[in-house]
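Inspection log for the structure reproduced underneath, given as structure tokens.
This chain uses plain numbering: 1 for the first residue, then up along the sequence.
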Amino acid sequence: RNRHLESGVAGPSTVLKTFEQDITSVQLSAGGMWLAAGSQDRSMALWDLRNGFDTLVPAKLASAEKIVDWPSFSKDGEWLAAIERVPDFDVTSASNTEKSAVNTTPDPDVLNVWRTEKFASGDRTPELSVEGGVLYAFSPNGKDLAAAIRKDNAVSIALFDLQNPGKQGRPLIDNLGDLSYLAFSPHDGRFLVAHEGEGNLYIWNTVNGDASLVAHSLAALPFEFSFS
């Protein structure tokens, strides 16, 4: 519990100083057990909040031209994912405030997925690595992962079975533009929704292993939408 909040004082109870450079994003697991943070210094740190705030040694996960971004947990906390991506600044620069051109032909982004407990124990080998992965979503039961994959300026979507992470993902669609949204319906995971930047909305039924497209294409670009 944060006593400062309980007393009405808006102040932190703990300050965690871990990274050499700025934090890109932070994610807390649904059960409040884990906290993950990615950084511009190519690393990601994980805290087991059951054991207080002792910092685990950040793992250097990305190459010199990339940062670790968008960490996220499956709902049950069993899985941890993050993306190694090329930033819009030179991470090797002494000052990140000085924007500079990065490699004109950088390696593609990579989506990595780990078992959270194994990552915390020091085993940083991903159970699943998706080259070109730029966006992802865990199903509510933590058994599946949907990934948007960019290759040759086109985006495809594939569905991965996390019970068999070594198995190739099942393709759902290809030749899309950039996606702004990818998510499962939050309660039963029955539907997977993707929103393409050009205004198309795609919906798949994923029940019983079926991933059939049930709807797509809108006349106007939606600004927002949600599940009931």
TODO: For side-chain contact (heavy atoms from CB on, under 4.5 Å), just list the numbers for V110 and S129, CA-CA rounded to whole Å, side-chain angles, deciding distance to a tenth of an Å, and then say yes or no.
DONE: CA-CA 7 Å; V110 179; S129 256; 4.1 Å; yes
Task: Chi angles and distances behind the side chain to side chain donor-acceptor pair (under 3.5 Å) call for D76, S74 - done: CA-CA 5 Å; D76 58 8; S74 59; 2.7 Å; yes
Task: Candidate pair D188 and R190, rule salt bridge (Lys or Arg N to Asp or Glu O under 4.0 Å), full reasoning - done: CA-CA 5 Å; D188 56 9; R190 179 180 179 183; 5.6 Å; no
Open item on the list: side-chain contact (heavy atoms from CB on, under 4.5 Å) for L49 and W34? Distances and angles first, verdict last.
Closed with: CA-CA 6 Å; L49 301 184; W34 302 100; over 6 Å; no
Task: Derivation and outcome, side-chain contact (heavy atoms from CB on, under 4.5 Å), residues M33 and D48 - done: CA-CA 6 Å; M33 183 184 303; D48 182 347; 4.2 Å; yes
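The number of heavy-atom neighbours closer than 6.0 Å to CG of N164, taken from other residues, nucleotides and ligands shown, is above 12.
Between F138 and Y136, the ring-plane angle classifies as perpendicular under the 30° and 60° cut-offs.
Closest of all the heavy-atom pairs between G38 and P71 is N-CG, 4.1 Å. Of all heavy-atom pairs between P140 and F184, the closest is CD-CB, 3.9 Å. Minimum heavy-atom separation, I157 to A194: CD1-CB, 3.6 Å. Closest approach of G169 to P171, counting heavy atoms only: O-CD, 3.4 Å. Pairing each heavy atom of W47 with each of A37, the nearest pair is CZ3-CB, 4.0 Å. Contact between S180 and L135 at its shortest, heavy atoms only, is C-CD2, 4.4 Å.
In this structure, V155 and N175 have side chains that are not in contact, with every pair of non-hydrogen atoms separated by 4.5 Å or more. For the pair V193/L182, no side-chain contact is recorded, criterion being any heavy-atom separation below 4.5 Å from C-beta on. No side-chain heavy atom of D109 sits less than 4.5 Å from a side-chain heavy atom of E84. Side-chain contact between V113 and P126 is absent, with no heavy atoms from C-beta onward closer than 4.5 Å. In this structure the side chain of Q168 never reaches within 4.5 angstrom of the side chain of F160, judged on heavy atoms. With contacts defined as side-chain heavy-atom distances shorter than 4.5 Å, the pair L172/Y202 does not qualify. Put simply, the side chain of L145 does not reach to within 4.5 Å of the side chain of L159, judged on heavy atoms.
With sequence neighbours excluded, the residues satisfying ring-ring contact (aromatic ring centres under 6.0 Å, His included) with W114 are F119.
Atom CG of residue L162 and atom CZ of residue R115 lie 8.0 Å apart, to the nearest 0.5 angstrom. Put simply, CE on M44 and CD1 on I83 are 11.5 Å apart, with the number rounded to the nearest 0.5 Å. Note: Y181 OH to L201 CG = 9.5 Å, rounded to the nearest 0.5 Å. We find the CG-CG distance between L46 and L80 to be 6.0 Å, quoted to the nearest 0.5 Å. We find the CG-CD1 distance between D174 and I149 to be 10.5 Å, quoted to the nearest 0.5 Å. Taken to the nearest 0.5 Å, the CG atom of L176 stands 4.5 Å off from the CD atom of E196.
S29 places no side-chain N or O within donor-acceptor distance of the main-chain N or O of F73, the cut-off being under 3.5 Å. S72 places no side-chain N or O within 3.5 Å of a backbone atom of A81 that could act as its donor or acceptor partner. Between the S25 side chain and the W70 main chain, a donor and an acceptor come within less than 3.5 Å of each other. Between the side chain of T116 and the backbone N or O of G77 there is at least one donor-acceptor pair closer than 3.5 Å. Looking at S185, its side chain does come within 3.5 Å of a backbone N or O of F191 through a donor-acceptor pair.
No hydrogens or angles considered: a donor-acceptor pair under 3.5 Å links the side chains of S139 and N141.
Every pair passing salt bridge (Lys or Arg N to Asp or Glu O under 4.0 Å) that includes a residue from residues 127-151 is listed here, sequence neighbours excluded: K118-E127, R150-D178.
Salt bridge K167/D161: absent, no basic N to carboxylate O contact under 4.0 Å.
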